[in-house]
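Okay, structure first, notes after.
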Amino acid sequence: MALVIAQKSELCEIIFTKLSSFHLVPDSCTYSIMIRCHCEKNEVEEAKRVLFTVLENGFEPDSATITVLINSLCKRGKVKKAMEVFEFMERKGLKLVVQQHNCLLKGLSYVGKIEEALEMLMNMKKTNFGVDVYSYSIVMNGLCKVGRSDEAMDLFNEVVEIGLIPNVVTFNTLIQGYSIEGRPVEGVGVLKMMKKHECVPDYISYSTVLHGLLKWNEIVEAFGIYKEMVEIGFEVDFRMMRTLVRRLCKRSWNEKRLLEDAYEVFEKMKERGLVVDKRTVEVMVKACCRGEKFDEALVNLNDMVRWGYSLKAIAFEKVIEGLCRQGRVDEAVSTLFLLHANGRIGDRISYDVLVNELIAHGRVFCASFLFGFALKQGVALVPNKELQANNRS
DNA sequence: CTAGGGTTAG
């Protein structure tokens, strides 16, 4: 079994053929492992042959063995063959247990025969072997995958009605269904429902909800779920965090309060040492400028240059203009040099704004120096009156 | 103490 798990099926088979030289006789458990071994190698016919050998040797193959075989067939979409095994066992007078029925349910859903799966589920209810929560979860998943979450929800209600206990997988299936159907907020509703059913949402529950909300652009809801995840201690996938930051930034243009939320997620990414791509930084800096948060913008520009990222000049230019507007001219000049350290050249507007702001502070000498510096960089500025006067003197 | 089985995401 260890060899099968380690995917060393060849070795497993060699040992099996050498059993007799150790005077060992395989029993039903050995055969069951061999069936799985062949299934792993996609040798279904071989697996079936082993099953027949088991029967010929007078062993009663136990249900776990049959499950492995049926499951392996179903997983590969060979539902018809699985049915054959199924019927063969019934002719032998062996009744199939709920696990095997469940494999078939999954197989039927997998090949798109969801109606047949539903019919089978209804028949299972009538037998002594019955149905369990796996059966329902499987069919619900089949329905969800084809955009029939309402029917999946009907089945969920049936689960509760007949006294089965839905588990985290049952709920996660519903969440996924709503997500792909474009009803992500109902996924949030399922999360709340779980708490009522005393089922603890897991990482998959939250991630699926968050992914759905992001996919359908429910950004404010998404941030709420993100916060819950952080509070619980789940590490949110960095790609989702990146999307969240960008969308919150975009939204903060019209809804100022969202800037803070965006920054919170952004900071968490840096704190976790995640690679923040330059596009996200640019969007974040842009949003900071728009929200007049130049300290934050500047901190990030500094970080980016230090880490060797080459950002678009516009990110710096917006900060320069903003700082000048606030009269923080020294920091604005520093930002200009930061831009140069980043390997780019400021545009005409940045130099214009800086020169004018320096003059406004009465620092004409600095303004002249900067003016000359701009010319050297090939940025053509139109000198204003003060500068001309200064240069004449 | 005593092998092997079925459900959810990106």
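Convention: sequence-line order gives letters A, B, ...; per-chain numbering from 1.
Summarising the geometry, the separation between CG on Leu105(A) and P on dT8(B) is reported as 12 Å, rounded to the nearest angstrom. The interatomic distance linking Ile138(A) (CD1) with dT7(B) (P) rounds to 6 Å, in whole Å. Atom P of nucleotide dG6(B) and atom CZ of Arg76(A) are separated by 13 Å, given to the nearest angstrom. For the pair Leu104(A) CG and dT7(B) P, the interatomic distance rounds to 13 Å; values are reported in whole Å. In this structure, the CG atom of Leu96(A) is 16 Å from the P atom of dG6(B), given to the nearest Å. Here the P atom of nucleotide dA9(B) and the CD1 atom of Ile225(A) are 19 Å apart, to the nearest Å. Here dG5(B) presents its P atom at 11 Å from CD of Gln99(A), a figure rounded to the nearest Å. Glu235(A) has its CD atom 22 Å from the P atom of dA9(B), to the nearest Å.
Side-chain atoms of Thr67(A) stay outside donor-acceptor range of the base of dG6(B), with no qualifying N/O pair under 3.5 Å.
Residues of residues 153-178 of chain A having a heavy atom closer than 4.0 Å to DNA chain B, listed by number: Asn167(A), Val169(A), Asn172(A), Thr173(A), Gln176(A). Contacts of residues 184-204 of chain A with DNA chain B (heavy atom under 4.0 Å): Tyr203(A), Ile204(A).
Relative orientation of the Tyr263(A) and Phe266(A) rings is tilted, given thresholds of 30° and 60° on the angle between their planes. Ring geometry for Tyr206(A) versus Phe234(A): interplanar angle of 30 to 60°, hence tilted.
Side chain of Arg247(A) to main chain of Leu214(A): a donor-acceptor pair is present (N/O by atom type, distance under 3.5 Å, no hydrogens or angles). At distances below 3.5 Å, at least one donor-acceptor pair connects side-chain atoms of Gln100(A) with backbone N or O atoms of Val97(A).
You'll find that the side chain of Asn141(A) is closest to dT8(B), out of dT8(B), dG4(B), dG10(B). Side-chain proximity of Arg36(A) to the nucleotides dA9(B), dG4(B), dT8(B) is greatest for dG4(B).
To the nearest 0.5 Å, atom CG of residue Leu311(A) and atom CG of residue Asn300(A) are 9.5 Å apart. In this structure, OG in Ser72(A) is found 4.0 Å from CZ in Arg76(A), a value given to the nearest 0.5 Å. The line from CE of Met34(A) to CD of Glu43(A) is 9.0 Å long, rounded to the nearest 0.5 Å. Distance check: Asn71(A) CG to Ile66(A) CD1 gives 12.5 Å after rounding to the nearest 0.5 Å.
Ser63(A) comes within contact range of at least one nucleobase, with a heavy-atom separation under 4.0 Å. Within 4.0 Å (heavy atoms only), Val97(A) reaches at least one base atom of the nucleic acid. Using a 4.0 Å heavy-atom cutoff across all strands shown, Lys145(A) reaches sugar-phosphate atoms only and no base atom.
Contact annotation: Lys106(A) does not reach the phosphate of dG5(B) (side-chain N/O to OP1 or OP2, under 4.0 Å).
Residues meeting the salt bridge (Lys or Arg N to Asp or Glu O under 4.0 Å) test with Arg290(A), sequence neighbours left out: none.
Ring to ring, Phe337(A) and Phe373(A) are close: their centroids are under 6.0 angstrom apart.
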